[in-house]
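I am attaching a structure below and will ask some questions about it afterwards.
Ligands are counted one by one from 1 in listed order, and the atoms in each one are counted from 1 as well. The first residue in the sequence is number 1, and the count goes up from there. Note: hydrogens, waters and symmetry copies are ignored here, and every other heavy atom, side chains too, is used.
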Amino acid sequence: MITHRSYAVEPWCLREHAPHLDVLPQSESVFALSNGHVGWRGNLDEGEPHGLPGSYLGGVHELHPLPYAEAGYGYPESGQTVINVTNGKIIRLLVDDEPFDLRYGRLRSHERVLDLRTGLLRRTCEWTSPAGSTVRVRSTRLVSFTQRAIAAVAYEVEAVGCEARIVVQSELVANEQLPERKGDPRAAVALQSPLQPEEHFADGHRLRLVHRTRRSGLRVGAAADHVVTGPEPTGTRAESRDDVARLTVTSVLEPGQTLRVDKLVSHGWSSTRSLPAVSDQVDAALAAAGHGGWQGLVDEQRAYLDAFWARSDVEVDGDEEIQQAVRFGLFHVLQAGARAERRAIPAKGLTGSGYDGHAFWDTETFVLPLLTYTSPGAVAEALRWRQNTLPVARERAVQLGLRGAAFPWRTIEGSEGSAYWPAGTAAFHVNADIADAVVRYTAATGDAAFERDTAVELLVETARLWRSLGHHDPHGAFHINGVTGPDEYSAVADDNTYTNLMARANLRAAADVVERHPRRAAELGVDTEESAAWRDAADAMHIPYNHDLRVHEQNAGFTRYQRWDFANTRPDQYPLMLHFPYFDLYRKQVVKQADLVLAMYKCDDFFDEEHTARNFAYYEPLTVRDSSLSACCQAVIAARVGHLALAYDYVTETALMDLQDLEHNTRDGLHIAALAGTWMALVAGFGGMRHHGDSLEFAPRLPERLSRLAFHVELLGSRLRVEIKPRAATYTLLDGGPLTARHYGEPFTLDGEKPHALDIPAPRPRPAPQSPPHRGPVHPRTS
Ligand code: BGC
């Protein structure tokens, strides 16, 4: 955990005044740059010291055997793991023969700044070598949003005080040695030096390496080109071998003189293209980037981000830490998804190798909602990736004896990667989560081509799954038994309310969409009988309810399970799954993460306010938040039922998840869904925004600590600004329109730029619910 204040609190930057080597791996995640296609961890330019060196390419993975002590039918046999591809970040510096290394000599100053408006990571430092030569180093790094294959570094060394003999080695390095992996040794072996050399090249200022993964057979290329500016004479030499290509630059600097190396790097990969084609691909990307050079990339980056912030910014008055954190979250979510283009958006984005680089339901449930209202193009691409994996999902459904498509719980390339079926295969809700994202995107954009070409197929195949997974009982009610909902402490349960409500929406959306697209439906073999069966199942969906307590059950019988013995569970026994057997967790009332509470957000039309408040009060003392995905959901519902202080505490927890390493694993990569959750908690929680079909609603209300919250949403080509103060909310249409919405149920229409101000009613007072002992919201305040 980051116990000291690592980063200054500033509205648009993340600034580290001095390097803290004890939390270097965490800072590498926090300072990671990515565009969703290429990801560079925030490793130091010189490569060492490091926590976890990391360069990733969306979709590039290696396969390894998945071991089982006892075999079972339908267990996935092959695991997929993200690999560290060729490292293009490395720029080593020697000052009078001494390698620049923070651990030696004297570091006079060292600052790193991630600027969220420019998208640049800047580092400035002054270092005196053990032999007494002093240099100033300035490096600026970017991963381009506009040219997705490209990353770049501008590196400058200046001699201070006396003459210095300088050597700069700019490298491409493959098969870097990584810290030892914990866990399965067979996977570790498969991932040791995963890249087999195919080509190396060095000429002039240009470098190139092409490799191929052993088992997954992916061809991975990286190339670099340089512009070198230094005093005469400055020499260069390029060389390469299998796993290293290097440009060496030598110069002698008088005090005040500077040597500058601009390094452009391109990354590319393919499962099908030949070696010459991949070489050409990375060379061509470099040629295109070389056109505008470093400054061109910087200017494009700024313009791209200016447009993003104009659509997406969230302004928070009253809490500078939350202001910084929500922008930090927005930036990283954008980085994870912006250019992922028909590849998975992993739970860690491209910031680390945690969760083996797998994508989960996190994408559709937490990340895509934010992107839908801020960068909708990225959402269409993410969902087209799901569509591209349909052949594998259909095969999986057949293997499981089901119809339609069974999407994987965790994956990189589309096949199931979870070796633990109760929390993997049985978590069928991922299918409804995908359908939900499809419906939301279509409603928010009106993208007719997407609906016809992508939405119909995804909705039909997921509806088929639900119809075959569930059954009508003799009284006609439709049940979906033996599934795992979001709460992984209640696996393989009957009629999980979240799953059933989401499946119900999925079935209805499929029945509606085939009516709008009869030809496409016919091509997919849907007839009126089939779509009628979907509607019947949806209308008859069973939702378990305890009439004595007047609360909805998380799953059938849940409220009659024995309660977890919270009083005798020590604080150090959390997360529970690491200290207690799953079998015991499964049969008791204890909730890992928001499940029914999430259902009350996603399917809010099903729950009236009284039930929402009562259910929340019932589930709050059972919810231990052993997952980073919980706090943001709890924040939304806490705000909805008027527990504003509690909601605020949950917002704080989700917002500072990575900035303060609350789960002690930020080193493995950022919690992208929790970062997106900060936006969700503010916009859907304090903004009370709900969008279903053509209904857009707001029920805003601020906690005491905040004096103002403003956010932007893009909807059907219009841009809306919502500004909330303690007593009133103001809605302003910035572009497009007209737009009709509701404020606490009252409809209003915006046409033109005239703002519309509406009063905020006071919340109904309710007693605050209790959290389980030791599991209240984390208060990670540094200010
Ligand atoms: C959560 C899942 C989540 C996964 C990846 C797990 O701890 O229980 O819901 O998808 O982490 O973030």
Side-chain angles (χ1 to χ4, degrees), residues 29 80-82 183 329 332-333 336-337 344-370 382 386 407-412 416-434 436-437 483-493 496 498-499 502 554 574-580 582 585-586 590-599 601-602 622-634 653-654 657-658 662-678 680 775:
S29 301
Q80 312 146 45
T81 299
V82 64
H332 272 293
V333 173
I345 301 177
K348 305 282 179 193
L350 298 179
T351 66
S353 58
Y355 281 127
D356 285 332
H358 290 177
F360 295 73
W361 72 309
D362 303 34
T363 308
E364 282 78 10
T365 306
F366 297 86
V367 172
L368 296 193
L370 181 165
R386 288 290 192 185
F407 282 101
W409 177 241
R410 50 188 295 174
T411 191
I412 295 177
E416 180 58 80
S418 171
Y420 181 62
W421 70 267
T425 300
F428 285 101
H429 67 83
V430 62
N431 297 283
D433 302 326
I434 294 168
D436 176 60
V483 301
T484 301
D487 167 26
E488 293 178 355
Y489 290 170
S490 300
V492 201
N496 170 257
Y498 174 86
T499 305
M502 294 292 285
Q554 182 176 291
Y574 292 94
L576 297 177
M577 75 250 194
L578 299 184
H579 301 92
F580 297 94
Y582 269 121
L585 293 166
Y586 289 173
V590 55
V591 178
K592 179 184 182 193
Q593 63 199 95
D595 185 314
L596 190 98
V597 166
L598 179 58
Y601 165 41
K602 292 277 175 187
L622 304 175
T623 306
V624 295
R625 293 192 331 290
D626 282 350
S627 159
S628 64
L629 304 189
S630 198
C632 57
C633 310
Q634 289 169 266
E653 183 178 308
T654 195
M657 187 68 64
D658 285 314
L662 299 184
E663 292 224 328
H664 313 283
N665 56 10
T666 294
R667 62 178 184 273
D668 302 330
L670 300 179
H671 299 81
I672 299 297
L675 294 176
T678 312
M680 171 174 135
R775 299 305 282 172

N/O separation below 3.5 Å, Y355 to ligand 1: yes
Those residues at least two apart in sequence (or on a different chain) that pass side chain to side chain donor-acceptor pair (under 3.5 Å) with N431 are none
Going by the atom numbers of ligand 1, which of them fall below 4.0 Å from some non-hydrogen atom of K592? 1 (C), 6 (C), 7 (O), 8 (O)
In terms of residue, atom name and distance, what is the protein heavy atom nearest to atom 9 (O) of ligand 1? W361 NE1, 2.9 Å
Report all side-chain donor-acceptor pairs from residues 417-424 shorter than 3.5 Å, counting only partners two or more places apart or in another chain.
{"unit_1": "S418", "atom_1": "OG", "unit_2": "Y420", "atom_2": "N", "d": "3.3"}
{"unit_1": "S418", "atom_1": "OG", "unit_2": "Y420", "atom_2": "O", "d": "3.3"}
{"unit_1": "Y420", "atom_1": "OH", "unit_2": "Y586", "atom_2": "OH", "d": "2.7"}

In ligand 1, the atoms that come under 4.0 Å of a heavy atom of D362 are 3 (C), 5 (C), 10 (O), 12 (O)
Atom 2 (C) of ligand 1: closest protein heavy atom, distance to 0.1 Å, is E488 OE2, 3.6 Å
Quick check on side-chain hydrogen bond (donor to acceptor under 3.5 Å, both in side chains): which of T654, N665, D362 does H671 satisfy it with? N665
Does W409, backbone or side chain, put an N or O under 3.5 Å from an N or O of ligand 1? no
Taking atom NE2 of H332 and atom NZ of K348, what is their separation to the nearest 0.5 Å? 12.5 Å
Can you sort out which atoms of ligand 1 are near Q593, meaning under 4.0 Å from one of its heavy atoms? 1 (C), 8 (O), 9 (O)
Using a 4.0 Å heavy-atom cut-off, which part of L629 comes near ligand 1: side chain, backbone, both, or neither? side chain
Please answer whether the main-chain N or O of T666 pairs with a side-chain N or O of D658 as donor and acceptor at a distance below 3.5 Å. no
